[in-house]
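All residue numbers refer to positions in the sequence shown, counting from 1. Values in this document were obtained by computation on a predicted structure and should not be read as measured data.
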Amino acid sequence: MNSWDAGLAGLLVGTIGVSLLSNGLVLLCLLHSADIRRQAPALFTLNLTCGNLLCTVVNMPLTLAGVVAQRQPAGDRLCRLAAFLDTFLAANSMLSMAALSIDRWVAVVFPLSYRAKMRLRDAAFMVAYTWLHALTFPATALALSWLGFHQLYASCTLCSRRPEERLRFAVFTSAFHALSFLLSFIVLCFTYLKVLKVARFHCKRIDVITMQTLVLLVDIHPSVRERCLEEQRRRRQRATKKISTFIGTFLVCFAPYVITRLVELFSTAPIGSHWGVLSKCLAYSKAASDPFVYSLLRHQYRRSCKELLNRVFNRRSIHSRSVGLTGDSHSQNILPVSE
């Protein structure tokens with residue numbers, strides 16, 4: 001194993017570790033906080049988190065073994081099962097992000113009717129459609145025997161070894177990526193750009209009120225005026241940064257792998273195996289970044305994490321105090337009685 005393979009293996013190990021910890025923490029927050037569970041986006045987050053954990057436990061270790069061994073890491077049946085999961089979980093992850101963006105769009109653009117438009121029943125229906133949509137492609141690939149180990153990506157995924165089926169497989173793969181990656185990307189752009197438009201409109205209204213107040217308060221201290229203007233600038237940038245993060249992480253993680261798959265099918269140019277594995281690692285890295293992008297940096301999840309940490313530390317402190325008191329009483333019992 002050369003330095004490139006060692007680096008890719010290290011990247012996979014780091015991705016597995018971060019993904020397990022971050023997605024596990026999101027699950028703990030969902031179990032701990034009833035307020036989070038009562039909201040419709042919790043279903044989308046739960047679906048995305050469970051999918052990320054399943055990918056981390058099944059697909060990533062098999063790819064790591066494929067990188068290290070430079071061959072198929074498991075038997076044909078297990079590899080087909082892993083390829084089925086890989087295709088299903090990739091589509092489910094992308095569509096879950098699209099569902100979360102639709103939820104944000106409804107909440108921001110239609111705030112007064114959000115509870116009527118986005119109930120738990122509606123969210124469950126969207127998750128059911130996501131599963132049905134995502135299951136269609138791996139089920140078709142399984143029926144056509146297009147699941148197995150792909151040496152270019154060192155992973156069990158979509159592949160076809162029969163040259164006579166190259167055109168059919170290329171059409172199928174293109175349809176899969178068009179109805180998962182491209183569709184989700186279009187939904188993300190549409191919804192988040194609408195959200196950004198509304199956020200900028202509200203920022204302008206707040207800016208007008210702020211400037212009018214600063215004009216009326218002629219005796220205000222210059223430092224206070226500077227702080228108000230600085231907060232005004234930050235407010236304009238906050239929504240843009242968040243939306244850029246949502247769309248940017250989606251593109252950075254998934255686009256290299258999707259483009260590589262299409263170039264492999266429709267071009268005769270050779271593709272380096274290291275790039276193929278790296279693009280797959282980037283796709284896997286979305287499982288590690290999703291908890292931070294969609295959950296852990298939000299106020300409710302941060303508060304839930306603090307409550308969990310406080311509960312753990314309080315139990316430890318109570319346990320240590322009880323142990324200390326027990327030790328003191330035991331030492332008093334064994335002291336000799338003075339005459």
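- Qualifying side-chain hydrogen bond (donor to acceptor under 3.5 Å, both in side chains) partners for N59, counting only residues two or more places apart in sequence or in other chains: none.
- In this structure, R119 contributes its side chain and A40 its backbone to no donor-acceptor pair below 3.5 Å.
- T260 pairs by the side-chain hydrogen bond (donor to acceptor under 3.5 Å, both in side chains) definition with W275, not counting sequence neighbours.
- Within the model, atoms CG of L188 and CG of L251 stand 8.5 Å from one another, a figure rounded to the nearest 0.5 Å.
- Following chains of ILVMFWY side-chain contacts shorter than 4.5 Å, one can reach I271 starting from I259, so the two form part of one hydrophobic cluster.
- F149 meets the ring-ring contact (aromatic ring centres under 6.0 Å, His included) test with no other residue; sequence neighbours excluded.
- A donor-acceptor pair under 3.5 Å links the side-chain atoms of S22 to the main chain of V18, judged by distance alone.
- Follow the hydrophobic side-chain contacts under 4.5 Å out from L78 and you never reach L89; the two are in separate clusters.
- By the side-chain hydrogen bond (donor to acceptor under 3.5 Å, both in side chains) test, R71 pairs with no residue at all, sequence neighbours left out.
- Considering only heavy atoms from C-beta on, V26 comes within 4.5 Å of L30 through its side chain.
- Between N23 atom CG and C50 atom SG the span is 9.0 Å, to the nearest 0.5 Å.
- By the neighbour-count criterion of 12 heavy atoms within 6.0 Å, atom OH of Y192 is densely surrounded, having more than that number from other residues, nucleotides or ligands.
- Annotation: side chain to side chain contact (heavy atoms under 4.5 Å, CB included) contacts of L135 (sequence neighbours excluded): F84, F88.
- Nearest heavy-atom pair, C305 versus L296, reported as atom, atom and distance to 0.1 Å: SG-CD2, 4.2 Å.
- Ring pair H177/Y257 is perpendicular by interplanar angle, where above 60° counts as perpendicular and below 30° as parallel.
- Within the 4.5 Å cutoff, side-chain heavy atoms of L27 are placed close to those of L46.
- A pairwise comparison of heavy atoms in S19 and N52 identifies OG-O, 4.2 Å as the closest pair.
- In the hydrophobic clustering of this structure, V195 groups with I102; members are Ile, Leu, Val, Met, Phe, Trp, Tyr whose side-chain heavy atoms approach within less than 4.5 Å, directly or through other members.
- D5 has its side chain within reach of H274: a pair of non-hydrogen atoms, C-beta onward, lies under 4.5 Å apart.
- Remark: side-chain polar atoms of S295 are not paired, donor with acceptor, to backbone N or O of F292 under 3.5 angstrom.
- Between C79 and C156 the SG-SG gap is short of 2.5 angstrom.
- Within the 4.5 Å cutoff, no side-chain heavy atoms of F176 are placed close to those of F181.
- Of all heavy-atom pairs between P73 and A65, the closest is CB-CB, 3.6 Å.
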>> Is there a side chain to side chain contact (heavy atoms under 4.5 Å, CB included) between V58 and L81? Walk through the geometry before answering.
In response: CA-CA 10 Å; V58 177; L81 175 61; over 6 Å; no

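- Rounding to the nearest 0.5 Å gives a distance of 9.5 Å between CG of L8 and OG of S3.
- Not counting sequence neighbours, the partners of V13 by the side chain to side chain contact (heavy atoms under 4.5 Å, CB included) test are L64.
- With values rounded to the nearest 0.5 angstrom, I247 atom CD1 is found 14.5 Å from K242 atom NZ.
- Annotation for L112: hydrophobic cluster partners, listed by chain and number, are none (ILVMFWY side-chain heavy atoms under 4.5 Å, direct or chained).
- Distance check: Q39 CD to S33 OG gives 8.0 Å after rounding to the nearest 0.5 Å.
- With a 4.5 Å cut-off between side-chain heavy atoms of Ile, Leu, Val, Met, Phe, Trp and Tyr, the cluster of V252 takes in none.
- At a threshold of 4.5 Å between non-hydrogen side-chain atoms, the residues P291 and T49 do not count as touching.
- Under the 3.5 Å distance criterion, the side-chain polar atoms of S304 are left unmatched by any main-chain donor or acceptor of Q300.
- A side-chain donor-acceptor contact under 3.5 Å links R166 to the backbone of L265.
- A distance-only check finds a donor-acceptor pair linking the side chain of S289 to the backbone of K286 [under 3.5 Å].
- The number of heavy atoms from other shown groups lying within 6.0 Å of CZ (R303) is above 12.
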>> S184 vs F254, test: side chain to side chain contact (heavy atoms under 4.5 Å, CB included). Steps then yes/no.
In response: CA-CA 11 Å; S184 300; F254 287 126; over 6 Å; no

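- Legend: residues meeting side-chain hydrogen bond (donor to acceptor under 3.5 Å, both in side chains) with D86, ordered by chain and number and at least two apart, are T157, K280.
- At least one side-chain heavy atom of D103 sits under 4.5 Å from a side-chain heavy atom of Y114.
- The aromatic rings of H133 and F137 lie tilted to each other, with the angle between the two planes from 30° to 60°.
- Heavy-atom contacts from other residues, nucleotides or ligands closer than 6.0 Å to CZ of F125 number 12 or fewer.
- T173 contributes no side-chain N or O that, together with a main-chain N or O of A170, makes up a donor-acceptor pair within less than 3.5 Å.
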>> Please determine whether side chain to side chain contact (heavy atoms under 4.5 Å, CB included) holds for the pair M97 and D290, giving the CA-CA distance in whole Å, both sets of side-chain angles, and the decisive distance to 0.1 Å.
In response: CA-CA 9 Å; M97 295 170 209; D290 282 342; 3.5 Å; yes

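- Between F246 and Y294, the ring-plane angle classifies as parallel under the 30° and 60° cut-offs.
- Judged as a side chain to side chain contact (heavy atoms under 4.5 Å, CB included), and not counting sequence neighbours, the contacts of T140 are T136, L144, F172.
- By the rule that hydrophobic residues join a cluster once side-chain heavy atoms approach within less than 4.5 Å of another member, Y284 and L282 end up as members of separate clusters.
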> Does the side chain to side chain contact (heavy atoms under 4.5 Å, CB included) test come out yes or no for L62 and S155, once each step is laid out?
Replying inline: CA-CA 7 Å; L62 285 176; S155 59; over 6 Å; no

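- Proximity of a side-chain donor or acceptor of T87 to a complementary backbone N or O of A83 within less than 3.5 Å is detected.
- Contacts of A124 classified as side chain to side chain contact (heavy atoms under 4.5 Å, CB included), with partners at least two apart in sequence or in another chain: L43.
- Scanning for disulfide bond (SG atoms under 2.5 Å apart) contacts around C253 gives an empty result, with sequence neighbours left out.
- Clustering ILVMFWY residues whenever any of their side-chain heavy atoms sit less than 4.5 angstrom apart, transitively, puts I16 in a cluster other than the one holding L21.
- Looking only at side-chain heavy atoms (C-beta outward), S96 and T130 come within less than 4.5 Å of each other.
- Atom CZ of residue R261 and atom CG of residue L158 lie 5.5 Å apart, to the nearest 0.5 angstrom.
- Within the 4.5 Å cutoff, the side chain of L95 has no heavy atoms near those of the V187 side chain.
- Shown here is R77, whose CZ atom has no more than 12 heavy atoms of other residues, nucleotides or ligands within 6.0 Å.
- T15 approaches S285 most closely through the heavy-atom pair CG2-CA, 3.9 Å.
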